[in-house]
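Some notes on the structure that comes next.
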Amino acid sequence: MAEAEKNQEVAADGLVPRLEKEEKEEDEEVVSSSGKQEEEQQVVEKIPEKQEDLMEKLEGLTVTNVADKAEDMADKPETVVNSERQQLDAAVEAETEIKKVMADDTPYTSAKTFEELNLSPELLQGLYSEMKFEKPSKIQAATLPMIVTPPYRNLIAQAHNGSGKTTCFVLGMLSRVDPKLKVPQAICVCPTRELVIQNEAVVVKMAKYTGVTTASTANADSSNSLTHSVSRRDRIVDQVIIGTPGTLKRWMTRDKILDTRSIKILVFDEADQMLDQSGFQDDSMRIMRDIDRSQGNCQVLLFSATFGEKVKQFALRTIPRANYIFVEKEALSLDAIKQYKIHCPNPGAKIDVLQNRIFPAAEKLGQSIIFVRTRQSASELHKRLEADGYKCTSIQGGLSHEERDHVIQEFRSGETKILIATDVLSRGFDQAQVTLVINYDIPVKSVPPYTPEFETYLHRIGRSGRFGRKGAAFNLLVTDQDERNLRKIEQHFNIMISDVAWDDDTAIEKVLKDAGLA
DNA sequence: AAAAAAT
């Protein structure tokens, strides 16, 4: 206990505030030391090489308590593993730690049931009768004991798309808040409005019997909200707060309606994006630091299906004394989602493929999401398809909140089968009926040389095949650059994406049968 | 040759 308190002190005046001062140097540090850190990372993440199915892949999760190492590294970075001999030792150590993960004196054992987590009867009832859960999924079994057991260690967790991450952190939040205390006690930060709404719905459902209430940034500015609207004047009395980073930050600083002094747990959903420099890093760090300053005793959870190498290193350095779980990138592209590429001779052929091949098949299958690169192409493609008599909708960040909500509501209800979207929907969106994902444009970086955005690719195709269901993804290619980028994607995940002829009447149908969808 | 949030 004394040890835990000591650690908290370090957290309060140590790592987080330091970042603000050294933000500029941070970049250089990543470049200069990433080589060493990568080496160590590779040996720590020892995962079986060939894996046959999903279960085995999930068995391959590596759980490591990095607390001591992190402190070592902070004190004397020169002790970072630098010889083969040491790497070997670290690998052996990592292997052992998979089976025996320690937080202080408490060994974590994987939770086979929800009962053994000491949850309140009300919360258990929500899990069983509302959520219809029977027992923890793999990632839940591995992380829940670490989340809900003192000393409430920080956690960085990577797990496959659709494997049940949301339940991990929602249950984590709900298990730690006191319903009798009418102050904010848990915050969940998400990258999009849609994800805020989706996560809030899960919290409300799971919390049904607990008396815990929620507030979210999504219904703050509109009158027709699902729960209740939060006026800017009122201090928030709900226990669980879900929101996008900008509004949360404003609530904490300018509006002063979000009191952070009783926050016990802070969750970042899609954490790699939330901590990425080209993402929400500034806002996220600010939120973390403000909470830390107001009471220095807050558990931080990071969840995502992807952690690119750079942001992973940043997370490990930023979140003090964290347990972590990582998955090799090669193990992330699930067999359950069949991936294909269709080479189109010209841009017009892409429309042709959509209308004559994908739409007829898709309408029989379930629901589909077509991803495009820009807002403009989303609305243009939408207009074009609609003009040709094809029923679909589109969503992108340029629409009003009301329009976005309406489009999502229509898609959720099944009224619309085909949704065109920018990357506003590439992450986290959970709709079981989505069986088909079409990359109308391949995700690429915004700056030359326009290399592929691997993480975005994985998140997009992960919109299908939710929770072990079957799914398929089609990549439409026109230019040589498209071809090169798809090849890079194949190399990156070590997969083979098979070719489908664009002008063959039966090819797509046949392929969908192979994918187990037709 | 970007998206997201928000100012």
Side-chain angles (χ1 to χ4, degrees), chain A residues 187-200 216-222 230 232 241-255 257-258 268-288 290 304 306 308 311 347 369-382 394-405 407-408 419-429 437 439-460 463 477-485 488:
Chain A
I187 296 179
C188 174
V189 195
C190 320
T192 63
R193 172 185 180 82
E194 283 67 29
L195 222 38
V196 167
I197 293 171
Q198 179 176 292
N199 285 337
E200 186 183 22
S216 96
T217 59
N219 50 40
D221 47 7
S222 73
V230 178
R232 279 181 196 169
I241 318 301
I242 301 144
T244 42
T247 306
L248 284 176
K249 194 181 74 179
R250 202 189 71 215
W251 281 2
M252 290 165 53
T253 55
R254 200 192 73 189
D255 297 353
I257 57 169
L258 176 49
F268 288 94
D269 194 7
E270 309 298 340
D272 59 325
Q273 188 185 7
M274 303 312 295
L275 292 184
D276 192 73
Q277 212 163 26
S278 63
F280 298 99
Q281 189 183 80
D282 290 350
D283 284 347
S284 297
M285 297 311 295
R286 179 69 191 276
I287 290 170
M288 231 186 287
D290 283 3
S304 183
T306 54
V311 72
I369 302 179
I370 302 171
F371 283 105
V372 296
R373 196 175 60 87
T374 66
R375 293 177 172 188
Q376 195 188 352
S377 41
S379 18
E380 279 175 10
L381 185 60
H382 183 182
S394 67
I395 187 167
Q396 36 96 351
L399 302 183
S400 73
H401 288 167
E402 289 72 23
E403 288 171 311
R404 283 165 67 162
D405 291 353
V407 170
I408 292 296
L419 178 55
I420 301 160
T422 58
D423 284 321
V424 67
L425 229 64
S426 61
R427 286 169 171 262
F429 184 74
V437 167
N439 283 323
Y440 191 81
D441 301 318
I442 305 297
V444 292
K445 293 204 161 57
S446 62
V447 290
Y450 310 117
T451 51
E453 199 85 90
F454 300 116
E455 284 74 32
T456 305
Y457 178 83
L458 202 70
H459 284 279
R460 281 182 178 186
R463 293 320 95 214
L477 314 175
V478 179
T479 64
D480 289 346
Q481 190 171 17
D482 290 341
E483 299 279 355
R484 279 198 302 278
N485 280 337
K488 280 179 187 154

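Values below: every heavy atom of this structure, side chains too, minus hydrogens, waters and symmetry copies. Numbers restart at 1 for each chain; the letters A, B, ... are given by sequence-line order, proteins then strands.
One atom, CZ of A:Arg404, and another, P of B:dA4, lie 7 Å apart when rounded to the nearest Å. For the pair A:Gln277 CD and B:dA3 C1', the interatomic distance rounds to 17 Å; values are reported in whole Å. A:Met252 has its CE atom 19 Å from the P atom of B:dA5, to the nearest Å.
For the salt bridge (charged side-chain N to carboxylate O under 4.0 Å, His left out) test, residues two or more places apart in sequence or in another chain that qualify with A:Arg404 are A:Glu194. The side chain to side chain donor-acceptor pair (under 3.5 Å) test applied to A:Thr451 returns no partner, not counting sequence neighbours. Scanning for salt bridge (charged side-chain N to carboxylate O under 4.0 Å, His left out) contacts around A:Arg427 gives A:Glu270, A:Asp272, with sequence neighbours left out. Qualifying salt bridge (charged side-chain N to carboxylate O under 4.0 Å, His left out) partners for A:Asp276, counting only residues two or more places apart in sequence or in other chains: none. Evaluation of the side chain to side chain contact (heavy atoms under 4.5 Å, CB included) rule for A:Ser379 yields A:Gln396 as partners, not counting sequence neighbours.
The pair A:Arg373-A:Asp423 fails the salt-bridge criterion, with no side-chain N (NZ, NE, NH1 or NH2) lying under 4.0 Å from an Asp/Glu carboxylate O.
Nucleic acid contact class of A:Ser278 (heavy atoms, under 4.0 Å, all strands): base. Residue-level contact check: A:Glu453 touches the bases, meaning some heavy atom is under 4.0 Å from a base atom. Using a 4.0 Å heavy-atom criterion, one finds that A:Pro245 contacts no nucleic acid atom at all. Using a 4.0 Å heavy-atom cutoff across all strands shown, A:Gln481 reaches at least one base atom of the nucleic acid.
If you check distances only, the side chain of A:Gln376 never reaches the base of B:dA1 with a donor-acceptor pair under 3.5 Å.
Residue A:Arg193 has its side chain nearest to B:dA5 when only B:dA5, B:dT7, B:dA2 are considered.
Within residues 444-451 of chain A, the residues that place at least one heavy atom under 4.0 Å from DNA chain B are, in residue-number order, A:Ser446, A:Tyr450.
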